[in-house]
Amino acid sequence: MLLIGLLATGATYYAVSPASASGSDSSTDAVAKGRNLFLVGCASCHGQNGEGIVTKRGKNYGPSLIGVGGAAVDFQVGTGRMPMAAPGPQAPEKKVTYSKTEISQLAAYVASLGPGESVPSKSDYDTSGYGTESIRRGGELFRTNCTACHNFAGSGGALPGGKYAPKLVGVSSKHIYEALLTGPQQMPVFSNDVLTPQDKRDIISYLKKNERTQGYGGFSMGALGPVSEGMFAWLAGIGVLVGFAVWIASHTARVRKREEGTS
């Protein structure tokens with residue numbers, strides 16, 4: 001009876017437990033190679049076992065990576081945000097340090113530390129063939145959930161504490177999907193319970209349609225909204241008006257009369 005109970009418990013746990021996140025290469029060899037890469041490039045901030053490092057003041061020098069899954073690693077390392085060049089309020093996007101194979105191995109190792117979101121497959125974020133209805137729905141979802149930080153045109157924007165929402169123009173579909181799935185840095189997590197995979201693909205299709213659409217309104221000024229437009233109005237518009245006022249004042253009747261008197 002004890003043996004039967006143990007077997008039943010193990011089978012039930014295997015059936016209902018969440019699957020560990022993994023990249024495209026989740027073999028034992030990939031995990032081992034990923035750990036070697038992790039010890040060299042990541043352990044100084046995140047700990048030798050991904051447990052994170054806390055400073056003497058109680059702040060995170062590097063957060064724990066247990067349970068973050070392979071998708072978070074693929075996004076952070078695949079966009080060059082990790083490893084960070086120096087501590088700061090936010091990890092900026094920069095040149096990617098690791099190859100695709102090494103990123104896959106790092107993702108496989110971090111995924112082995114605990115269950116988390118796996119690296120999405122191409123079918124998860126592929127929007128080829130999506131039509132007008134998908135773009136329309138994606139626009140509604142983007143304006144509802146994303147424009148407060150990323151701007152109506154996906155051009156990014158400033159946030160408190162020296163942080164910022166990066167621009168979404170030129171970002172790959174895979175990395176947009178992973179960012180929605182994992183919520184990197186100050187971004188909220190849009191899990192599949194909040195935004196379904198179809199919702200995420202609709203948002204991606206909307207952003208990609210914006211990239212392909214030609215700007216018919218003239219100079220966009222970075223599409224940053226009233227800040228850049230207001231600055232242009234003050235510097236260019238009012239500057240031109242002041243110039244005209246000076247020119248008009250220098251050619252009044254009083255000036256001409258004074259010139260005639262001196263002659």
Side-chain angles (χ1 to χ4, degrees), residues 19 21-24 68-82 90-94 96 100 103-104 107 116-159 163-226 228-229:
S22 61
S24 58
V68 302
V73 176
D74 190 79
F75 173 83
Q76 297 284 4
V77 182
T79 59
R81 289 176 166 85
M82 292 292 162
Q90 183 167 331
E93 185 177 3
K94 60 183 186 301
V96 180
K100 291 184 178 180
I103 293 172
S104 177
E117 297 292 351
S118 60
V119 177
S121 62
K122 186 176 180 180
S123 61
D124 291 325
Y125 54 83
D126 184 23
T127 60
S128 56
Y130 275 44
T132 305
E133 180 61 24
S134 175
I135 295 172
R136 183 192 64 78
R137 286 191 69 254
E140 291 178 354
L141 291 167
F142 183 82
R143 287 187 291 272
T144 302
N145 299 282
C146 312
T147 54
C149 296
H150 289 285
N151 174 277
F152 66 95
S155 300
L159 296 173
K163 299 179 181 180
Y164 59 91
K167 70 176 183 178
L168 303 178
V169 179
V171 181
S172 70
S173 299
K174 181 182 182 182
H175 289 149
I176 294 175
Y177 192 97
E178 289 173 337
L180 288 165
L181 197 62
T182 62
Q185 301 179 104
Q186 67 273 4
M187 181 173 171
V189 176
F190 293 97
S191 67
N192 289 335
D193 294 328
V194 178
L195 290 177
T196 66
Q198 182 63 52
D199 292 337
K200 293 180 175 67
R201 287 190 290 271
D202 289 342
I203 291 174
I204 293 171
S205 65
Y206 168 75
L207 291 172
K208 294 305 174 184
K209 176 63 167 61
N210 273 354
E211 288 184 19
R212 299 190 299 268
T213 302
Q214 181 181 354
Y216 296 101
F219 184 44
S220 66
M221 291 177 283
L224 295 176
S228 58
E229 294 167 3

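Remember, it's a predicted structure, so these values are computed and weren't measured experimentally. Both backbone and side-chain heavy atoms feed into the values below; hydrogens, waters and symmetry mates do not.
Residues that satisfy the salt bridge (charged side-chain N to carboxylate O under 4.0 Å, His left out) test with K208, not counting sequence neighbours, are E211.
For the residue pair N151 and G156, the shortest heavy atom distance occurs at CB-O, 3.4 Å. In terms of heavy atoms, Y177 sits closest to D124 at CE1-O, 3.3 Å. Of all non-hydrogen atoms in L181 and V189, the two that sit nearest each other are O-CG1, 3.4 Å. The shortest non-hydrogen separation linking Y130 to R201 is OH-NE, 2.8 Å. Contact between A179 and P184 at its shortest, heavy atoms only, is O-CD, 3.3 Å. The nearest pair of heavy atoms linking A71 to T182 is CB-CG2, 3.8 Å.
In this structure, L168 and F142 have side chains that are in contact, with non-hydrogen atoms separated by less than 4.5 Å. Counting heavy atoms from C-beta outward, N145 and V194 have side chains that stay 4.5 Å or more apart. I103 places a side-chain heavy atom less than 4.5 Å from the side chain of V96. With a 4.5 Å cut-off on side-chain heavy atoms, Y125 and I176 do not count as touching. Residues M187 and L180 meet the side-chain proximity criterion, which asks for heavy atoms closer than 4.5 Å.
At least one donor-acceptor pair closer than 3.5 Å links the side chain of Q185 to the backbone N or O of A91. Distance alone, capped at 3.5 Å, is enough to place a donor-acceptor pair between the K94 side chain and the G80 backbone. Using a distance-only test at 3.5 Å, with no hydrogens or angles considered, no donor-acceptor pair links the side chain of H150 to the main chain of G157.
Side-chain atoms of D126 and S123 include no donor-acceptor pair closer than 3.5 Å. Inspection of the K200 and N192 side chains reveals an N or O donor paired with an N or O acceptor under 3.5 Å. Checked by atom type, the side-chain pair T196/D199 shows a donor-acceptor distance below 3.5 Å.
For the pair R137 and E140, the salt-bridge criterion is not met [side-chain N within less than 4.0 Å of a carboxylate O].
In this pair, F75 and H175 present their aromatic rings perpendicular. The plane angle is above 60°, beyond the 30 to 60° band.
A distance of 10.0 Å separates CD in Q198 from CG in L141, rounded to the nearest 0.5 Å. In this structure, CZ in F190 is found 5.5 Å from SG in C146, a value given to the nearest 0.5 Å. For the atom pair OG of S173 and CD1 of I203, the computed distance is 12.5 Å after rounding to the nearest 0.5 Å. Remark: T79 OG1 to D74 CG distance equals 9.0 Å, nearest 0.5 Å.
Atom NZ of K100 is surrounded by 12 or fewer heavy atoms from other residues, nucleotides or ligands within 6.0 Å.
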Derivation and outcome, side-chain contact (heavy atoms from CB on, under 4.5 Å), residues V119 and E178: CA-CA 8 Å; V119 177; E178 289 173 337; 3.8 Å; yes

